[in-house]
Number of protein chains: 2
Amino acid sequence: MSATRRAAPTLEQVAERAGVSRSTASRAINGGLRVSPEAQAAVDAAVLELGFAPNRAARSLVTRRTDSIALVIPEPDERVLSDPFFAGTINGLGSVLHETDLQLVLVMARPADVATRTVRYLRGGHVDGVVVVSHHRDDVLATELEQAGVPTVFVGRPFQHGHVRYVDVDNTAGGRMAAEHLVRAGRARIGTVAGPQDMSAGLDRLAGWSAALADAGMAADAVAYGDFTSAGGARAASRLLAEHPDLDALFVASDLMAAGALGVLADAGRRVPDDVAVVGYDNLAVATSTTPALTTVVNPVVAMARTAGGLLLDLLAGEAVPEAPVVFAPELVVRASA
Amino acid sequence: MSATRRAAPTLEQVAERAGVSRSTASRAINGGLRVSPEAQAAVDAAVLELGFAPNRAARSLVTRRTDSIALVIPEPDERVLSDPFFAGTINGLGSVLHETDLQLVLVMARPADVATRTVRYLRGGHVDGVVVVSHHRDDVLATELEQAGVPTVFVGRPFQHGHVRYVDVDNTAGGRMAAEHLVRAGRARIGTVAGPQDMSAGLDRLAGWSAALADAGMAADAVAYGDFTSAGGARAASRLLAEHPDLDALFVASDLMAAGALGVLADAGRRVPDDVAVVGYDNLAVATSTTPALTTVVNPVVAMARTAGGLLLDLLAGEAVPEAPVVFAPELVVRASA
DNA sequence: TTGTACGCGTTATCAG
DNA sequence: CTGATAACGCGTACAA
């Protein structure tokens with residue numbers, strides 16, 4: 001049967017046991033300022049004996065703080081499952097939170113639920129602040145959270161304008177770097193597997209690629225779209241190869257999609273990089289375990305998440321945080337694939 | 001500056017706006033039973049206009065439920081970052097929770113913090129239930145949580161005895177399967193990179209390997225220990241090869257460690273599987289992206305997490321949940337490496 | 001330094 | 001079906 005939850009000890013019981021009043025017990029427990037050594041000792045002992053832990057709900061009610069922050073990932077389960085990008089995000093945020101007493105609440109929301117359930121949750125005062133990652137064009141989070149006055153920091157530039165704080169990497173520059181690397185390598189016909197166009201990362205990487213090709217006087221018409229998953233990348237790559245058999249280079253907007261594309265190329269008998277050079281994006285662990293290892297653009301996921309967490313902490317502490325976005329510079333890592 | 005959080009609307013305000021009492025408003029919002037259609041409509045309208053969301057802290061205080069459950073991962077950040085095992089766990093649990101109104105609170109704790117900070121948090125009534133994964137021998141969670149009466153389900157057999165509910169896979173059988181596969185393949189000298197011996201998975205896989213070799217009349221003395229990370233696997237593998245140059249097969253207790261081992265073998269000029277056959281463990285995505293792809297034992301991470309979540313929900317619902325552990329059967333997937 | 005008294009926002013009880 | 005009213009556990013002015 002359901003565990004018989006022995007009622008948790010209350011502050012009242014601690015006070016009684018220590019022979020002091022509730023308020024004294026409370027003061028002794030929080031900070032211990034303005035309380036006599038004897039009282040302090042008595043309370044400490046009582047806390048230990050009873051295994052007392054303050055009830056966070058009751059405390060929240062009066063302090064109006066929850067001591068927890070939410071990481072919102074508006075993606076279906078499958079993606080959160082398979083994409084190491086999110087592991088990096090969770091970790092970066094976690095490393096910042098470790099220094100504090102804040103707890104991390106993970107909110108994975110189906111895109112369809114974001115507008116209703118997730119917003120309701122976040123506006124309910126359940127968390128002191130929010131970090132949003134993997135934001136889509138139609139998500140209402142930016143406007144809703146700003147309107148509700150919930151301190152929020154985005155990882156990745158959101159579409160909505162207004163007073164939105166965010167941390168990002170220059171994806172346009174990243175796309176450009178990838179394309180320029182392929183141009184420099186003497187590739188003649190460069191295609192791309194782009195990311196979702198309802199996400200700024202997808203849009204920007206494509207734009208960068210496109211601009212670089214234009215600068216080089218090359219056609220930027222070989223484009224297929226994936227969804228940042230390995231399977232999606234494979235599908236997009238085969239469409240692309242079917243439509244443009246003359247391709248000798250591919251910029252794929254994420255390592256995971258690139259891994260899928262490599263499989264398709266191998267099945268098609270195209271050697272990488274001899275026949276087709278491939279550049280990925282992200283530089284997550286997967287980039288080194290593919291065959292051949294991926295030349296890729298570094299996406300500083302952990303650093304971005306850590307920075308976002310830091311900004312949020314500043315915000316919560318009431319410090320002045322400039323509204324200007326923090327934008328990291330991308331970097332190219334050359335491995336065997338291009 | 002810090003966002004000016006406009007005070008969240010309260011039930012009181014909703015009631016006033018709807019022209020009813022707090023109680024009626026409350027009933028209309030929860031379930032809507034025994035409330036007239038007019039009142040219901042008025043309240044609904046007021047809720048919408050004011051953007052009301054019930055204050056969870058206040059609600060928790062009286063209902064004694066928090067509508068959230070914790071996933072505890074007692075590992076340093078680096079591991080949570082790099083090990084897809086946890087992504088699978090989070091996802092499996094998330095998929096179960098999606099059906100409910102429960103939120104997932106992710107508690108990543110340094111092993112050193114578990115006994116103090118984490119226990120304090122979990123005992124504070126902040127969550128209705130707990131799922132613990134990656135439990136170590138010295139962790140006090142099992143006893144502490146049972147003592148506090150917090151409904152808990154472990155993924156992976158904990159060391160503490162008592163009324164501990166857990167979901168696991170038969171790691172001993174898995175280790176045995178891996179070894180037997182190598183024996184059947186005619187390998188003469190089989191070593192192992194074992195996992196941490198303060199975790200039941202590490203212990204059991206080693207025991208299974210050991211037993212199979214004993215059955216085959218072979219020596220089970222070529223053992224090195226890793227920490228379930230890729231780097232740790234590489235280190236252990238090179239130690240092993242140095243001490244036992246005659247090895248022609250390796251059972252590595254996790255795919256991540258196996259990936260590290262493959263690198264070492266390649267650097268040493270040993271061909272896989274021709275010179276040395278390698279069997280991994282987990283069958284996570286990494287197993288298919290190594291060169292060669294890994295023969296491995298399936299660790300049904302997502303299914304285990306999902307099952308654990310289901311058990312916890314039953315527990316929370318007050319249903320009778322047998323104390324017998326749920327144990328999955330392992331399965332061997334043969335790929336190129338052995 | 002200590003204790004008394006009040007309020008945080010919600011749900012549950014019970015009389016109408 | 002509705003509306004007072006009493007908790008829930010804690011923090012904190014305020015008074016002593």
Side-chain angles (χ1 to χ4, degrees), chain A residues 5-44 46-47 50-67 101 120-121 123-128, chain B residues 5-44 46-47 50-68 101 120-121 123-128 148:
Chain A
R5 300 195 67 149
R6 118 194 49 260
T10 93
L11 186 57
E12 182 82 48
Q13 297 169 28
V14 171
E16 187 181 3
R17 178 131 190 169
V20 299
S21 74
R22 262 216 322 273
S23 14
T24 301
S26 176
R27 280 187 290 256
I29 287 168
N30 313 336
L33 233 52
R34 289 194 323 202
V35 36
S36 68
E38 307 89 54
Q40 181 74 53
V43 171
D44 286 348
V47 164
L50 271 52
F52 171 78
N55 180 317
R56 209 111 159 185
R59 177 180 273 179
S60 289
L61 201 51
V62 43
T63 62
R64 304 182 141 302
R65 293 181 322 137
T66 64
D67 293 324
D101 258 312
R120 196 187 326 134
Y121 179 82
R123 296 188 60 150
H126 311 141
V127 294
D128 297 337
Chain B
R5 300 194 68 149
R6 115 194 52 262
T10 93
L11 186 57
E12 183 80 49
Q13 298 170 28
V14 171
E16 185 181 3
R17 178 134 190 165
V20 299
S21 73
R22 261 213 323 270
S23 328
T24 301
S26 177
R27 279 187 293 256
I29 286 167
N30 313 334
L33 233 53
R34 292 194 319 204
V35 36
S36 68
E38 306 89 54
Q40 181 74 53
V43 171
D44 286 349
V47 164
L50 270 52
F52 171 79
N55 180 316
R56 210 111 159 185
R59 177 181 275 178
S60 290
L61 201 51
V62 43
T63 62
R64 306 182 139 299
R65 293 181 321 138
T66 63
D67 293 323
S68 60
D101 258 311
R120 196 188 327 135
Y121 180 83
R123 296 188 60 151
H126 311 140
V127 293
D128 297 337

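Sequence lines set the chain letters: A, B, ... in the order given, protein chains first and strands last, and positions in each chain run from 1. Because the structure is predicted, anything quoted here is derived from the model rather than measured.
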Residue pair A:Arg17, A:Val14: steps toward the side-chain contact (heavy atoms from CB on, under 4.5 Å) verdict: CA-CA 5 Å; A:Arg17 178 131 190 169; A:Val14 171; 5.8 Å; no
Specify the separation, in whole Å, of atom CG of B:Asn30 and atom C1' of C:dT10. 9 Å
Out of D:dC10, C:dT10, D:dG3, which has the shortest distance to the side chain of A:Asn55? D:dC10
For A:Ile29 and for A:Arg34, find the nucleotide of DNA chain D with the closest heavy atom, then tell me which residue's nucleotide is more 5'. A:Ile29
Comparing nearest nucleotides in DNA chain C, the 5'-proximal residue of the pair A:Thr24, B:Thr63 is A:Thr24
Go through the structure and list residues passing salt bridge (charged side-chain N to carboxylate O under 4.0 Å, His left out) with B:Arg22, not counting sequence neighbours. B:Glu12
Interatomic distance, B:Leu11 CG vs D:dA4 P [rounded to whole Å]: 13 Å
With a non-hydrogen cut-off below 4.0 angstrom, is B:Ala39 in contact with a base, only sugar-phosphate, or nothing? sugar-phosphate
Heavy-atom distance under 4.5 Å between the side chains of A:Arg59 and A:Asn30, does that happen here? yes
For the helix from C:dT1-D:dA16 to C:dG16-D:dC1, measure the angle between the helix axis at one end and the axis at the other, each built from five pairs, rounding to 10°. 40°
Is A:Thr10 touching bases, backbone alone, or none of the nucleic acid, heavy atoms closer than 4.0 Å? sugar-phosphate
Set of salt bridge (charged side-chain N to carboxylate O under 4.0 Å, His left out) partners for A:Arg120, sequence neighbours left out: none
Return yes if the base of D:dG9 and the side-chain atoms of B:Arg64 contain a donor-acceptor N/O pair under 3.5 Å, otherwise no. no
Can you tell which of D:dC10, D:dT2, C:dG9 lies closest to the side chain of B:Ala58? C:dG9
Considering only heavy atoms from C-beta outward, does the side chain of B:Thr10 approach that of B:Asn55 to under 4.5 Å? no
Considering only side-chain heavy atoms of A:Arg22, which listed nucleotide, D:dG3, D:dC1, C:dA5, is closest? C:dA5
Listed nucleotide nearest any side-chain atom of B:Ser36, set D:dA13, D:dT2, D:dC10: D:dT2
Could you state the CZ-C1' distance from B:Arg56 to D:dC8, rounded to the nearest angstrom? 17 Å
Considering only C:dT11, D:dT12, C:dG9, which nucleotide approaches the side chain of B:Ser26 most closely? C:dT11
Test item: A:Thr66 and A:Asp128 side chains (from C-beta on) under 4.5 Å apart, heavy atoms: yes
So A:Ser23, base contact, sugar-phosphate only, or nothing? Heavy-atom distance under 4.0 Å. base
Residue met sooner reading DNA chain D from 5', once B:Glu38 and B:Val62 are mapped to nucleotides: B:Glu38
Would you say that B:Leu11 contacts B:Ile29 through its side chain, given a criterion of any heavy-atom pair below 4.5 Å between the two side chains? yes
Polar side-chain atom of A:Arg56 near backbone of B:Val127 as donor-acceptor pair, under 3.5 Å: no
Expressed as a whole number of angstroms, how long is the span from B:Leu61:CG to D:dC10:P? 9 Å
Candidates C:dG9, C:dT4, D:dG11 - which lies nearest the side chain of A:Arg59: D:dG11
Within the structure shown, what part of the strands sits under 4.0 Å from A:Arg27 by heavy-atom distance: base, sugar-phosphate, or nothing? base
